[in-house]
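Notes follow the structure.
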Number of protein chains: 2
Amino acid sequence: MRRCPPGARKGAAVADRRTATIKDVAAAAGVGIATVSRVFSGTGSVSAGTRERVLAAARDLDYRPSALGRGLKLRRSGGIGVVVPDVTDPFCAELLAGVLACARTLGEHVIVDAAHGDPGREAEIVDRLVEQRVDGLIALPAGGTAAWRAAARIGASVVFADRVPPGLEDVPAVLADDRAGVRTLTEYLVGLGHRRIAFLGATAPGAPGAPAEVRESAFRDTLRALGVTVEEDLIVAARPERDSAYAAAAGLLQRRGDLTAVLAAGHLPGEAAVMVARELDLRVPADISIAMVDDVPWAELCDPPLTAIARPAHDIGYRACEMLLRDRTRRTRGGPVLLPAELMIRGSCGPLRTARPSRRTTRAG
Amino acid sequence: MRRCPPGARKGAAVADRRTATIKDVAAAAGVGIATVSRVFSGTGSVSAGTRERVLAAARDLDYRPSALGRGLKLRRSGGIGVVVPDVTDPFCAELLAGVLACARTLGEHVIVDAAHGDPGREAEIVDRLVEQRVDGLIALPAGGTAAWRAAARIGASVVFADRVPPGLEDVPAVLADDRAGVRTLTEYLVGLGHRRIAFLGATAPGAPGAPAEVRESAFRDTLRALGVTVEEDLIVAARPERDSAYAAAAGLLQRRGDLTAVLAAGHLPGEAAVMVARELDLRVPADISIAMVDDVPWAELCDPPLTAIARPAHDIGYRACEMLLRDRTRRTRGGPVLLPAELMIRGSCGPLRTARPSRRTTRAG
DNA sequence: TTGAAAGCGCTAACAT
DNA sequence: ATGTTAGCGCTTTCAA
């Protein structure tokens, strides 16, 4: 797709040079390369006339300054890296959108990759990002810790979002206030009269420090504070996958036909709870109340709409980026930044109905 | 976060050099820099012994080759750019995931940004990407055309995904076979007995070439082919935003209480149709059948689950990336790659019920 | 097999 | 205000 008029003679001074460089522009404008650099980097001062000539020459040659050259000189790429478990997860996607919004205002580009919960892959990604000489890293870390220790050792600055791996509490982070969110939600459920409340966790086994763990302990603590007995049997965990969440939900609801409410610790378990309840012909909220952490778009589409805790994914991403790029000087003082989560009360939770009609324990046909 | 033992004397030969370079490694290993380069780039040949020494030295110094240096020399960054309207859109996110999957296998990183339907912003993004010297561009283009003409002129190779701007049909592209998908869905609806079928479009005004336009014409053509009268009044369009889609759906359903089915041209209008139907107390599918293009996760969560056309977003992304990086030689021969879309029949569409009970035309309280 | 040297495109002193 | 020059970290002939 080269500009090459039909009549162009080949071998002529067609200047088929790959891409115009600063040198070409300088020559064309009859100035030194430093001047061209000044014009494009905004540094120093150039007379209006010269600037015009340079700009004209550049336009003429379709010149685009090379970030590679500049980056090499400046020893930074002008981009940041974002590592998430999965870009198709609504929370991650929203978080990423927040980062993009902030990065844009700061003129940085964003390199993304998904680790899919694999610490090895995560480490690999971080390595590549370091090779790219990103100005910083924003991560929604998987289980591992190695990648981040390595990154820190190399001198890369990282900010954690949504969760921080155990032992890395000194690394800057911006999180949702899950503890408060779950507390509020639990109080709401208990206030509605519920006592046998199930907790459908999303904790990946061996992933301490994850938000899910915080949520579970918040759930337990709140129950205790409210004087409600914590039944271990009602607290189950699933891996962050549809199948696992579904299996956990099905097992739970079938095993404990007496529970009256389910608090899903994420949108995946929430989805599972809704599906399973429907398959068991459980009416929501008449037979069972359902609420979840993470207010994804479909929560409002559900019938009835699902009560959920809205965690500010976009803000988390934005703040993390800001913290990474603007406040790079100051370290984490006073621990991680905690952003408030909001309880969105919709129709999926109702008051406890005493004397509930007997329920079948077999699955609906 | 520098390694600096408590007892380290300052000013000593602590070698606080920013980051180890190839030169440092060469010195430490007692070899020339070319050798180190060979070891890390896999080029040329190095004796096993030397290789070991180099690797050891590198490990010792936490050396990471600089993609900046390499990129400058190679005149390419080893990354590709992805431009989508919105990373939080499920379709875009899935597409992006596909690109990431492919890019990973090819050892490329991915820079992503969202244009939010703004051609100006899109052009800006493309410009930055070109400055980064990306090896190529994958775009789910907004309305504009300028950005891509410019990119082509500069010599950047781009592959369109999901839609191709008018006049740029010669640019490689990989699309979902929307025409076939909508045809199938329309036939399905007509086969169910429906005649007054509404089409809730997602076409942004002035965005010809967009999939939405293809869908609309496919809808019309199929209806005609089936001998069903095309009622212009039943074909409405909305901008790709929740509000707009909702407004369009509400207007449509209230204005035409006699329609029996809605074909939403995207997940946003689909969502809107579901919400509006619920607010109007319309039972699905008894009172109204609803189907949509794009099989997002919530389609199965709906009650009843929504019949939809599953477009292979992940594959589209993967193929686009493959086409960009592997088949860069061959141009678009035979037009864009068309990937099949699949009709997922669920419970939201039912046979036309003659003698439907009268319906209110006012909104539910 | 290995090293020396010449840039890749740019910025930042330093000199005019 | 503008030109000269010396690299930034790497790959790649070209010799040895």
Side-chain angles (χ1 to χ4, degrees), chain A residues 17-55 57-58 61-79 107 128 130-135 154-155, chain B residues 17-55 57-58 61-79 107 128 130-135 154-155:
Chain A
R17 185 153 37 239
R18 302 284 182 179
T19 303
T21 78
I22 198 174
K23 209 179 293 183
D24 302 319
V25 178
V31 302
I33 62 169
T35 301
V36 179
S37 174
R38 286 188 193 101
V39 170
F40 280 92
S41 61
T43 329
S45 53
V46 263
S47 71
T50 326
R51 146 168 287 114
E52 278 319 308
R53 289 220 313 289
V54 170
L55 254 20
L61 279 66
D62 272 326
Y63 170 69
R64 293 292 187 286
S66 164
L68 256 21
R70 176 188 1 236
L72 182 56
K73 180 69 191 172
L74 268 30
R75 311 162 100 171
R76 35 178 301 254
S77 65
R128 286 181 128 63
V130 169
E131 289 194 1
Q132 294 299 323
R133 297 296 189 264
V134 289
D135 298 351
I154 295 169
Chain B
R17 186 153 36 238
R18 303 281 183 179
T19 303
T21 79
I22 199 174
K23 208 180 290 182
D24 302 320
V25 178
V31 301
I33 63 169
T35 301
V36 178
S37 173
R38 288 187 193 103
V39 169
F40 280 92
S41 62
T43 331
S45 53
V46 259
S47 71
T50 323
R51 149 169 285 112
E52 278 318 310
R53 288 221 314 287
V54 169
L55 255 18
L61 278 65
D62 271 325
Y63 170 69
R64 294 291 187 286
S66 163
L68 256 20
R70 175 185 6 232
L72 181 56
K73 183 69 193 172
L74 268 31
R75 312 162 96 166
R76 35 179 299 256
S77 66
R128 285 182 128 61
V130 169
E131 289 195 1
Q132 295 299 324
R133 297 297 187 264
V134 290
D135 298 351
I154 295 170

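Order of the sequence lines sets the chain letters (A, B, ...), proteins ahead of strands, with each chain counted from 1.
Remark: P of D:dA1 and CZ of A:Arg53 are 15 Å apart, rounded to the nearest angstrom. For the pair A:Arg76 CZ and D:dG9 C1', the interatomic distance rounds to 17 Å; values are reported in whole Å. Rounded to a whole Å, the CD1 atom of B:Ile22 is 16 Å from the P atom of C:dA5. Atom CZ in A:Phe40 sits roughly 9 Å away from atom P in C:dC10 (whole-Å rounding). Put simply, CZ on A:Arg75 is 11 Å from P on D:dC10, counting in whole angstrom units. Regarding B:Leu72, its CG atom lies at a distance of 13 Å from the C1' atom of C:dA6, rounded to whole Å. Separating the NZ atom of A:Lys73 from the P atom of D:dG9 is a distance of 10 Å, rounded to the nearest angstrom. What separates NZ of B:Lys23 from P of C:dA6 is a distance of 14 Å, to the nearest Å.
Using modelled atom types, one side-chain atom of B:Arg53 and one backbone atom of B:Ala29 make a donor-acceptor pair closer than 3.5 Å. Judged by distance alone, the side chain of A:Arg133 and the main-chain N or O of A:Val130 form a donor-acceptor pair under 3.5 Å. Distance alone, capped at 3.5 Å, places no donor-acceptor pair between the B:Ser37 side chain and the B:Ile33 backbone.
A residue-by-residue look at B:Thr35 and B:Leu68 shows that B:Leu68 has its nearest nucleotide of DNA chain D further toward the 5' end. Each of B:Thr50 and A:Arg70 was matched to the nucleotide of DNA chain C holding its nearest heavy atom; the match closer to the 5' end belongs to B:Thr50. Of the residues near DNA chain C, A:Arg38 and B:Ile33, the one whose nearest nucleotide (by heavy atom distance) lies more toward the 5' end is B:Ile33.
If you check every strand for non-hydrogen atoms under 4.0 Å, B:Gly69 touches a base. At a threshold of 4.0 angstrom between heavy atoms, the contacts of A:Gly30 are confined to the sugar-phosphate backbone, with no base atom among them.
The phosphate of D:dA1 has OP1 or OP2 within less than 4.0 Å of a side-chain N or O from A:Ser45. B:Ser37 has a side-chain polar atom (N or O) that falls below the 4.0 Å cut-off from OP1 or OP2 of D:dT11.
Distances were taken from every side-chain heavy atom of A:Ser41 (C-beta onward) to each of C:dT11, C:dC10, C:dA12; the shortest belongs to C:dT11.
One finds the CZ atom of A:Arg70 at 9.5 Å from the CZ atom of A:Arg76 (value rounded to the nearest 0.5 Å).
When side chains are defined from C-beta on, A:Leu68 counts as touching B:Ser77, because their heavy atoms get closer than 4.5 Å.
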